[in-house]
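Have a look at the structure below before the remarks.
Both backbone and side-chain heavy atoms feed into the values below; hydrogens, waters and symmetry mates do not. We name chains A, B, ... by the order of the sequence lines, and we start the count at 1 in each one.
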Number of protein chains: 2
Amino acid sequence: MNAISDEIKEDYNFISDSLVDIYDQIMRIEESEIKKSHFKDITAKELHLVHTIGLHDRKTTSEVARILRLSKGTLTANLNNLERKGYISRIRNQRDRRIINLVLTSKGRLLYRAHYAFHQKLVEQCLKGFDGSDIKKMKQALMNVEDFIGEVSGR
Amino acid sequence: MNAISDEIKEDYNFISDSLVDIYDQIMRIEESEIKKSHFKDITAKELHLVHTIGLHDRKTTSEVARILRLSKGTLTANLNNLERKGYISRIRNQRDRRIINLVLTSKGRLLYRAHYAFHQKLVEQCLKGFDGSDIKKMKQALMNVEDFIGEVSGR
DNA sequence: CAGAATAGTTTGATATTCAAACTATTCTGG
DNA sequence: CCAGAATAGTTTGAATATCAAACTATTCTG
């Protein structure tokens, strides 16, 4: 093993160690940043749920439960909380009255945008000083991770 | 706004969207991979705790609680579970008998290494085809994120 | 050496999660 | 068209996780 590949190995270890811890911290500061704004009653999990419900596509309860891997009962409880706090509404689907479509209220949309802006800021900081080809590499790395996740979880 | 910076903006959005979702999936497959091995009784949270206790430095309960931002009571409960399952031991510090030092049992060390190996594999997949300078960039990006986290959470 | 400070545990209340039973609605084969 | 199967979401009851505050044991300090 020569000096260069040793150095690369060290970099691998740095990256691996770093990744293990970073996301936890991100989750935490996401929540604390949101609480500094005027959304004081939102947890990181609820933020995640608001993000998943999203701005445009009126997902159903089942879709959201599948995406987040929550049981239907758990999601119902979470949705009750977010509805009570005024971030989401349930809309009964008129074509198929078994289905509930989920939408963000205007308050929910504000929260969504604040959260999204935070992520944008994070990515900007992360990639500051990078040029177009560096960014392409970064994108490639993330796609590789997605592929890996796909393989491991059986696509 | 010209074509090139539009493209970069799109890449930023891709990266931002991708990051939001990847962590959750990684947590999930970490847990499911570990359950495929002979550590069937471990949750993602417990894995995280075993990782934090680590191999070498005999952290105290308070240190671990601070790192993971858990209350002391919650951590006590978690440690009871991991001790019952045979992954950790509590060692009463002889210099200061108020303190408990936490160590992994041999079973705990096996789990730690399996988890670590998983992360290594993830990083290898992520960076496959990257050369030394690409990897340096990647490292830089992660350090930028750490800086950002430091700034936001007040260092 | 008395009392303040610290490390960790226990306790009681609250919140989260799940699976299973349940309600309401739609689909489907005869 | 209709009976029963299938589907979407809610309710329920039990198990687990979490927190803050009270508590125990130990060490530090003036």
Tell me who clusters with Ile91(B), hydrophobic residues only, linked when side chains sit under 4.5 Å apart either directly or through other members.
Val103(B)
His119(A): which residues meet the ring pair (Phe, Tyr, Trp, His ring centres under 6.0 Å) condition with it, sequence neighbours left out?
His115(A)
Steps toward side-chain hydrogen bond (donor to acceptor under 3.5 Å, both in side chains) verdict (Glu31(B), Thr43(B)):
CA-CA 6 Å; Glu31(B) 180 171 327; Thr43(B) 65; 5.3 Å; no
Contacts table for residues 66-75 of chain B: side-chain donor-acceptor under 3.5 angstrom, sequence neighbours left out:
| unit_1 | atom_1 | unit_2 | atom_2 | d |
| --- | --- | --- | --- | --- |
| Ser71(B) | OG | Thr74(B) | N | 3.1 |
| Ser71(B) | OG | Thr74(B) | OG1 | 2.9 |

Residues two or more places apart in sequence or in another chain: which of them pass side-chain contact (heavy atoms from CB on, under 4.5 Å) with Gln140(B)?
Phe130(A), Met143(B), Asn144(B)
Return one dot-bracket line describing DNA chain D 5' to 3' (Watson-Crick or G-U wobble pairs, both distances under 3.5 Å; ( ) same strand, [ ] crossing, | another strand, . none).
||||||||||||||||||||||||||||||
Which residues share a side-chain contact (heavy atoms from CB on, under 4.5 Å) with Gln25(A), sequence neighbours left out
Asp21(A), Arg28(A), Ile149(B)
Applying ring pair (Phe, Tyr, Trp, His ring centres under 6.0 Å), name anything that partners Phe118(B), two or more places apart in sequence or on another chain.
Phe148(A)
Using the test side chain to side chain donor-acceptor pair (under 3.5 Å), find all partners of Arg98(A) that sit at least two apart in sequence or belong to another chain.
Asp96(A)
Reading nucleotides 5-20 of chain C from 5' to 3' and marking B where a protein heavy atom lies under 4.0 Å of the base, S where only the sugar-phosphate is that close, and - otherwise, the string is BBSBBB-----SSB--
Given atom CD of Gln94(A) and atom P of dT25(C), what is their separation to the nearest angstrom?
11 Å
Got a sec? Which of residues 26-38 of chain B come in under 4.0 Å of DNA chain C, heavy atoms?
none
Residue set satisfying side-chain contact (heavy atoms from CB on, under 4.5 Å) with Lys136(A), at least two apart, ordered chain then number -> Glu7(B), Asp11(B)
Of all residues at least two apart in sequence or in a different chain, which pass the side-chain contact (heavy atoms from CB on, under 4.5 Å) check with Asp57(A)?
Lys59(A)
